[in-house]
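The chains referred to below are lettered A, B, ... by the order of the sequence lines, with proteins before strands, and numbering in each begins at 1.
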2 protein chains.
Amino acid sequence: MTSDGPGLPVAPIDDPVDRKIVAALRADGRGTLKSLADVTGLSVSAVQARVRRLETSGVIRGYAATVDPEALGLPLAALVAITPLDPAQPDDAPERLAGLSEIEACHSVAGDDAYVLFVRVASPTALEQLIREIRRRAHVTTRTTVVLQTFFERPAAPGS
Amino acid sequence: MTSDGPGLPVAPIDDPVDRKIVAALRADGRGTLKSLADVTGLSVSAVQARVRRLETSGVIRGYAATVDPEALGLPLAALVAITPLDPAQPDDAPERLAGLSEIEACHSVAGDDAYVLFVRVASPTALEQLIREIRRRAHVTTRTTVVLQTFFERPAAPGS
DNA sequence: CCTGAAAACATACGGTG
DNA sequence: CACCGTATGTTTTCAGG
């Protein structure tokens with residue numbers, strides 16, 4: 001999962017204990033309730049209740065193992081900026097592209113283009129095929145920027 | 001964790017059981033060894049040994065809770081393309097920028113710019129300050145594309 | 001929010017093919 | 001070497017206060 005877009009409205013976390021819990025679970029998604037209890041000074045069951053509330057309220061969307069993209073056979077990443085061919089037409093590009101599993105993210109943006117996608121593929125050939133498929137499905141032109149190297153890529157990480 | 005760049009070389013996973021395990025842990029990072037044992041048909045201890053091997057070999061880099069960016073107080077995202085002011089100078093932009101926690105990802109790219117950053121901030125004002133700081137630290141010009149809406153953003157998700 | 005007991009789980013180990 | 005089964009400690013869960 002971990003989808004975004006039109007979801008529930010989620011207000012910023014104000015409670016400092018909840019912030020600690022969220023920070024700890026972002027650093028280690030498999031951290032035990034006991035470890036969270038130690039960090040927060042609360043009992044295990046109090047922490048459990050808070051974690052559940054954070055999960056059901058949508059603050060915590062889920063948990064995922066972070067996997068090396070090369071191990072997944074997807075060593076090539078790229079940014080694909082797309083622009084509708086016909087600006088008059090209804091713009092449902094995100095829905096049309098959601099089915100392409102190579103697309104990791106789809107952002108609508110301000111500026112020259114309508115959307116920017118972040119994609120991962122197995123090879124240059126696969127990138128070409130993906131770009132063709134994007135153009136075909138969403139009726140867009142594309143401008144692709146190949147990622148040569150990723151220096152870092154982290155789960156966001158705020159001050160506290 | 002979840003850093004990238006010059007790390008250990010990680011070959012693609014060829015074992016189908018390992019692929020099942022990795023897929024399951026990407027879908028649910030808190031999935032129990034028992035659930036993985038059920039999925040794979042292996043015993044719990046066999047699965048445990050495999051998971052450990054995947055972790056220590058660098059295939060699985062870690063586990064993280066996926067958190068709503070708005071809940072973190074970072075509702076504004078942007079792509080920042082940067083170009084060195086002096087191409088003759090040694091280019092250590094990634095190191096100089098790594099300390100800025102608002103920068104979620106730093107990719108070196110082919111094309112007009114040297115790097116593209118993905119950043120998250122609290123407000124337009126914070127974005128301006130961040131851009132100033134990026135320019136100052138890395139001696140670069142910047143071209144910023146504001147993200148208006150994120151339609152989806154998922155942990156990659158390969159075919160199987 | 002806490003305690004406490006029961007169930008589920010993770011871990012380590014000895015044994016098998 | 002990869003796997004299994006069992007024993008032990010830990011964690012999760014859920015009742016009740």
Side-chain angles (χ1 to χ4, degrees), chain A residues 1-2 8 10-68 70-73 155 157-158 160, chain B residues 1-2 8-68 71-73 155 158-160:
Chain A
M1 229 166 296
T2 313
L8 301 183
V10 175
I13 309 168
D14 52 272
D15 186 291
V17 176
D18 281 354
R19 263 203 289 273
K20 276 189 190 178
I21 291 174
V22 167
L25 285 175
R26 286 188 356 120
D28 177 13
R30 281 183 88 88
T32 64
L33 296 178
K34 186 185 184 310
S35 69
L36 297 176
D38 294 345
V39 166
T40 59
L42 264 54
S43 73
V44 169
S45 45
V47 166
Q48 185 189 36
R50 280 171 180 262
V51 170
R52 275 223 249 274
R53 194 171 46 69
L54 290 166
E55 287 168 353
T56 60
S57 70
V59 171
I60 294 177
R61 293 192 189 147
Y63 305 88
T66 307
V67 177
D68 190 297
E70 305 197 10
L72 294 175
S160 174
Chain B
M1 228 168 298
T2 312
L8 300 183
V10 175
I13 308 168
D14 50 274
D15 187 291
V17 176
D18 281 354
R19 262 204 289 274
K20 275 190 190 175
I21 291 174
V22 166
L25 284 175
R26 290 193 346 125
D28 177 13
R30 281 184 88 88
T32 65
L33 295 179
K34 186 181 184 313
S35 69
L36 297 176
D38 294 344
V39 167
T40 58
L42 264 52
S43 72
V44 170
S45 38
V47 166
Q48 186 190 32
R50 280 172 180 265
V51 170
R52 272 225 249 276
R53 195 169 46 66
L54 290 167
E55 287 168 353
T56 60
S57 69
V59 170
I60 295 177
R61 293 193 188 144
Y63 304 87
T66 306
V67 178
D68 190 296
L72 295 174
S160 170

Protein-nucleotide distance (Leu42(A), atom CG; dT3(C), atom C1'), rounded to Å: 14 Å

Nearest-angstrom distance from the residue atom NZ of Lys34(A) to C1' of dC9(C): 16 Å

Side chain to side chain, Thr66(A) and Ile60(B), heavy atoms closer than 4.5 Å: no

Closest nucleotide among dT12(D), dT3(C), dT11(C) to the Thr32(A) side chain: dT12(D)

Any donor-acceptor N/O pair, Arg30(B) side chain to Gly31(A) backbone, under 3.5 Å: yes

Spacing between Leu36(A) atom CG and dT11(D) atom P, to the nearest angstrom: 11 Å

Global bending angle along the helix from dC1(C)-dG17(D) to dG17(C)-dC1(D), which compares the axes of five pairs at either end, to 10 degrees: 30°

Out of dC2(C), dC4(D), dT13(D), whichever nucleotide has its closest atom nearest the side chain of Arg52(A): dT13(D)

Ala46(B) side-chain proximity, nearest of dT12(D), dC9(C), dC3(D): dC3(D)

Validation row: Leu72(B), Val22(A) side chains within 4.5 angstrom (heavy atoms): yes

Test: Asp14(B) and Arg19(B) ion pair at under 4.0 Å: no

OH-CD distance between Tyr63(B) and Glu55(B), expressed to the nearest 0.5 angstrom: 3.5 Å

Gap separating the OG atom of Ser35(B) from the CG atom of Leu25(B), nearest 0.5 angstrom: 7.5 Å

Whole-Å gap separating C1' (dT13(D)) and CD (Glu55(A)): 14 Å

Distance, rounded to the nearest Å, where Leu54(B) contributes CG and dA2(D) contributes P: 12 Å

Most 5' of Gln48(B) and Ser45(A) on DNA chain C, judged by nearest nucleotide: Ser45(A)

Minimum-distance nucleotide (side-chain atoms of Arg30(A) versus dC2(C), dA10(C), dT12(D)): dA10(C)

Sidechain-backbone polar pair: Arg50(B) side chain, Ser45(B) backbone, donor-acceptor under 3.5 Å: no

d(CG, Asp18(B); C1', dC1(D)) in whole Å: 14 Å

Distance in angstrom units between Leu33(A) CG and dC2(C) P, rounded: 13 Å

Distance, rounded to the nearest Å, where Asp38(A) contributes CG and dT12(D) contributes C1': 15 Å

